[in-house]
Engineer: 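Before I ask anything, here is the structure I am working with.
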Amino acid sequence: QALAQGGQAFASMISPAYSAEAALQDFNTSMAILHNAGLSGSDGATALKNAIAKLQVPTDAGRATLDALGIAVFNAQGQMLPFPAIMERVRQATAGMTQEARLNALSTIFQGDGLKAVLPILGQTGAQYDALRAKVTASGQAQGLAAAQTAGLNGAIGGLQSTLETVGLVIAGPFLGPLESIVRGI
């Protein structure tokens, strides 16, 4: 189920103006951020999928809030902007707000489940996001999945699963040595 929901979230990030490889790198980075915040597997994928869905087809109140904040989600050709670019616009538009006003605006746009994904992502600075993105994609798995997409849906799903496992290893890496010592000491 986590894989299917991850695939739906990933597919939501792709637009004609946004390459599958870039979307995959952003998906993996977003999933790593969510994992670090305690939202992993299907919980993280579902929250991310819902956040993207609320950007693609906002409620009337969500659209009004996006408009009031001056946040564009689509370019002049009607293509969705890259997810990190949208998150940066949201970050900038809500930066001067009180905590209460910011949470009210974000809740109106992203609603409950989508908000669970957006808050940890917005908690990252651009430099932190870029550093994590570099770590996640350094393994070469993102490029492998982008290539696998041309081999059909099964190849893409297999590549996505492999990439998600790599993301887990990147996140768990700092804990593996101490964990191994504890287990060997038992």
Side-chain angles (χ1 to χ4, degrees), residues 1-94 102-126 128-130 132-133 136-137 141-142 145-146 149 153 156-157 159-161 163-164 167:
Q1 184 178 4
L3 184 58
Q5 301 208 332
Q8 290 172 347
F10 169 65
S12 298
M13 294 179 110
I14 300 175
S15 76
Y18 195 40
S19 76
E21 183 176 341
L24 178 63
Q25 291 169 350
D26 292 331
F27 168 77
N28 289 335
T29 304
S30 296
M31 287 300 294
I33 291 168
L34 296 179
H35 184 277
N36 287 340
L39 286 171
S40 57
S42 64
D43 288 341
T46 299
L48 183 59
K49 176 188 69 149
N50 289 333
I52 294 167
K54 293 301 179 190
L55 289 169
Q56 291 172 327
V57 184
T59 64
D60 289 342
R63 164 62 47 219
T65 302
L66 287 165
D67 290 345
L69 294 172
I71 300 170
V73 175
F74 296 92
N75 66 18
Q77 291 75 37
Q79 298 167 329
M80 188 168 180
L81 298 170
F83 187 66
I86 297 168
M87 290 295 94
E88 184 58 31
R89 289 174 181 212
V90 170
R91 185 181 293 107
Q92 290 175 2
T94 60
R102 182 175 185 262
L103 287 174
N104 283 335
L106 294 174
S107 179
T108 301
I109 297 166
F110 296 102
Q111 313 230 317
D113 208 37
L115 186 61
K116 288 191 320 188
V118 169
L119 290 176
I121 292 170
L122 290 176
Q124 302 290 303
T125 66
Q128 289 170 323
Y129 182 92
D130 291 343
L132 184 57
R133 188 176 198 251
V136 169
T137 58
Q141 293 298 316
L145 181 55
Q149 287 182 325
L153 180 60
I157 289 172
L160 178 59
Q161 184 174 10
T163 301
L164 291 175
V167 169

Engineer: Which pair of heavy atoms, one from Lys116 and one from Ala47, lies closest together, and at what distance?
Structural biologist: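 Heavy atoms only, the tightest pair is CB-CB, 4.2 Å.
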Engineer: If you measure from OG1 on Thr94 to CZ on Arg89, what distance do you get to the nearest 0.5 Å?
Structural biologist: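 Reported value, rounded in 0.5 Å steps: 14.0 Å.
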Engineer: Nearest 0.5 Å please: distance from the OG atom of Ser107 over to the CG atom of Leu119.
Structural biologist: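 Ser107 OG to Leu119 CG: 9.0 Å, rounded to 0.5 Å.
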Engineer: Do any N or O atoms from the side chain of Arg91 and from the backbone of Ile121 form a donor-acceptor pair under 3.5 angstrom?
Structural biologist: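 A pair under 3.5 Å: yes.
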Engineer: Using side-chain heavy atoms (C-beta onward) and a distance below 4.5 Å, is Gln25 in contact with Val136?
Structural biologist: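 No, too far: nothing below the 4.5 Å cut-off.
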Engineer: So, do Leu106 and Leu122 sit near enough that their side-chain heavy atoms are less than 4.5 Å apart?
Structural biologist: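 Of all side-chain heavy-atom pairs linking Leu122 with Leu106, at least one is under 4.5 Å.
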Engineer: List the atom of Thr108, the atom of Thr59, and the distance in Å for their closest heavy-atom pair.
Structural biologist: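 Nearest heavy atoms, Thr108 then Thr59: O-OG1, 4.1 Å.
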Engineer: At their closest point, which heavy atom of Leu69 faces which heavy atom of Ala105, and how far apart are they?
Structural biologist: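 Closest approach of Leu69 to Ala105, heavy atoms only: CD1-CB, 4.2 Å.
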Engineer: Identify the two heavy atoms, one from Lys54 and one from Phe110, that lie closest to each other, and give their separation to 0.1 Å.
Structural biologist: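 The answer is CG-O, 3.6 Å.
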Engineer: Check the pair Asn50, Gln111 against side chain to side chain contact (heavy atoms under 4.5 Å, CB included), reporting the backbone distance first and the verdict last.
Structural biologist: CA-CA 9 Å; Asn50 289 333; Gln111 313 230 317; over 6 Å; no
Engineer: Yes or no on side chain to side chain contact (heavy atoms under 4.5 Å, CB included) for Thr29 and Gln124, after CA distance, side-chain angles and deciding distance?
Structural biologist: CA-CA 11 Å; Thr29 304; Gln124 302 290 303; over 6 Å; no
Engineer: Decide yes or no for Met80 and Leu55: does some side-chain heavy atom of the first lie under 4.5 Å from some side-chain heavy atom of the second?
Structural biologist: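 Result yes, sub-4.5 Å side-chain heavy-atom pair found.
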Engineer: Of all the heavy-atom pairs spanning Pro120 and Ile33, show the shortest one and how long it is.
Structural biologist: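 Looks like O-CG2, 3.6 Å.
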Engineer: Roughly how far apart are Thr65 OG1 and Ile71 CD1, rounded to 0.5 Å?
Structural biologist: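 These two atoms lie 9.0 Å from each other.
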Engineer: One pair to check against side chain to side chain contact (heavy atoms under 4.5 Å, CB included): Met87 and Val118. What are the steps and the verdict?
Structural biologist: CA-CA 8 Å; Met87 290 295 94; Val118 169; 4.3 Å; yes
Engineer: So, are Asp130 and Arg133 salt-bridged, with charged N and O less than 4.0 Å apart?
Structural biologist: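 Here Asp130 does not pair with Arg133 in a salt bridge, since their nearest N and O are not under 4.0 Å apart.
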Engineer: Could you pull out the closest heavy-atom pair between Leu34 and Gly44, with the gap in Å?
Structural biologist: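 Looking at all heavy atoms of both residues, the shortest contact is CD1-O, 3.4 Å.
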